[in-house]
Amino acid sequence: MTGPGSTTLTIDQALDLTVEVIASIAPDIADELPTLDRTIDLWEELQLDSMDHLNVMSELGDRTGVTIAERDYAGLRSLAAIADHLASATR
């Protein structure tokens, strides 16, 4: 579901935005993000907590206009899953 002001994102744009947002919220892991396997569980692998997850989802929603429901958070744990969700929601 998109909100006002949302724009269409390709998978690559959504991936870049996701990396940018995670890096802004957890700058200590920013250098690791570009080389990570896109399918790994970011929160488990990088030891990010639930507040980091919430902050990432909120910021992505703010930047894209996409409403990301809390019930979807559990499935949005990898770069690939998040990018696919954002790209699909902005079509």
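Bear in mind the structure is a predicted one, so any value in this text is a computation, not a measurement.
- Proximity of a side-chain donor or acceptor of T18 to a complementary backbone N or O of I82 within less than 3.5 Å is not detected.
- Side chains of L17 and L60 form a contact here, defined as non-hydrogen atoms less than 4.5 Å apart.
- No more than 12 heavy atoms of other residues, nucleotides or ligands sit less than 6.0 Å from atom CZ of R38.
- Using a distance-only test at 3.5 Å, with no hydrogens or angles considered, no donor-acceptor pair links the side chain of D52 to the main chain of L48.
- A side-chain contact (heavy atoms from CB on, under 4.5 Å) with L86 is found for exactly one of L9, T10, I11, namely L9.
- Contact record, D72 with H85: OD2-CE1, 3.9 Å, taken as the closest heavy-atom pair.
- Residue L54 is grouped with residue L79 when hydrophobic side chains (ILVMFWY) are merged at heavy-atom distances under 4.5 angstrom, including chains of intermediate members.
- Between A83 and A14, the shortest heavy-atom contact is O-CB, 3.4 Å.
- With values rounded to the nearest 0.5 angstrom, L15 atom CG is found 11.5 Å from E20 atom CD.
- The side-chain heavy atoms of M57 and E70, taken from C-beta on, include no pair separated by under 4.5 Å.
- Nearest heavy atoms, L36 versus I40: CD2-CD1, 3.8 Å.
- When every heavy atom of R77 is checked against every heavy atom of E44, the shortest pair comes out as NH2-N, 4.0 Å.
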Passes side-chain contact (heavy atoms from CB on, under 4.5 Å), V56 versus W43? Steps please.
CA-CA 11 Å; V56 167; W43 281 262; 4.2 Å; yes
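- Atom CE of M51 sits about 8.5 Å away from atom OG of S58, to the nearest 0.5 Å.
- Atom CG of D31 has 12 or fewer heavy atoms from other residues, nucleotides or ligands within 6.0 Å.
- Between V21 and R63, some side-chain heavy-atom pair lies under the 4.5 Å cut-off.
- Contact between G75 and A81 at its shortest, heavy atoms only, is O-CB, 3.5 Å.
- Here Q13 contributes atom CD and T64 contributes atom OG1; the two are 12.0 Å apart, rounded to the nearest 0.5 Å.
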Set out, in order, the CA-CA distance, both residues' side-chain angles and the distance that settles side-chain contact (heavy atoms from CB on, under 4.5 Å) for L46 and L33, then state yes or no.
CA-CA 9 Å; L46 300 175; L33 292 171; 3.9 Å; yes
